[in-house]
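As a basis for the values below, the full set of heavy atoms in this structure was taken, side chains included, without hydrogen atoms, waters or symmetry mates.
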Amino acid sequence: YLHRFEDQPGQTSEVAERIVELSNGQRRLSEIVDVLCEEFEVDRAVCEADTLRFVKLLVEKKVLVVD
């Protein structure tokens with residue numbers, strides 16, 4: 001699902017960058033989705049599913065640690 005978060009192959013999208021910025025240890029996933037929905041005007045259900053998949057990928061790649 002990383003391809004959904006790339007503008008060009010190998011380049012991270014604005015949405016992906018925003019997810020990483022918002023993943024500061026202070027926000028829950030639902031709060032990140034709230035911000036994304038407001039900023040990017042996307043459907044909440046789609047945003048939740050895509051964000052969860054992307055966060056899981058970041059955890060698997062050891063880019064993000066979830067406590």
Exercise. What distance do Ser13 atom OG and Ile19 atom CD1 have between them, rounded to the nearest 0.5 Å?
Worked result: 7.0 Å
Exercise. Can you tell me how far OG1 of Thr51 sits from CG of Leu29, rounded to the nearest 0.5 angstrom?
Worked result: 6.5 Å
Exercise. Pick one: which of Val15, Val63, Leu58 meets side-chain contact (heavy atoms from CB on, under 4.5 Å) with Val20?
Worked result: Leu58
Exercise. How far does CZ of Arg53 sit from CD of Glu48, to the nearest 0.5 angstrom?
Worked result: 11.5 Å
Exercise. Would Asp34 and Arg44 pass as an ion pair if we require N to O under 4.0 Å?
Worked result: yes
Exercise. Is any side-chain N of the basic residue among Arg28 and Glu31 closer than 4.0 Å to the acidic one's carboxylate O?
Worked result: no
For this session: Working to the nearest 0.5 Å, report the span between SG of Cys47 and CD of Glu39.
Result: 10.0 Å
Seminar exercise, completed: Rounding to 0.5 Å, atoms CZ (Arg18) and CZ (Phe40) come to a distance of 7.0 Å
Exercise. In terms of hydrophobic clusters joined by side-chain contacts under 4.5 Å, are Leu36 and Val66 together?
Worked result: yes
Problem set entry | Euclidean distance, Leu57 CG relative to Leu64 CG, rounded to 0.5 Å | 10.5 Å
Exercise. Is the count of non-hydrogen atoms from other residues, nucleotides or ligands lying under 6.0 Å from Glu21 atom CD greater than 12?
Worked result: yes
Exercise. Do you know which two heavy atoms are closest between Arg27 and Ile32, and how far apart they sit?
Worked result: CB-CG1, 4.0 Å
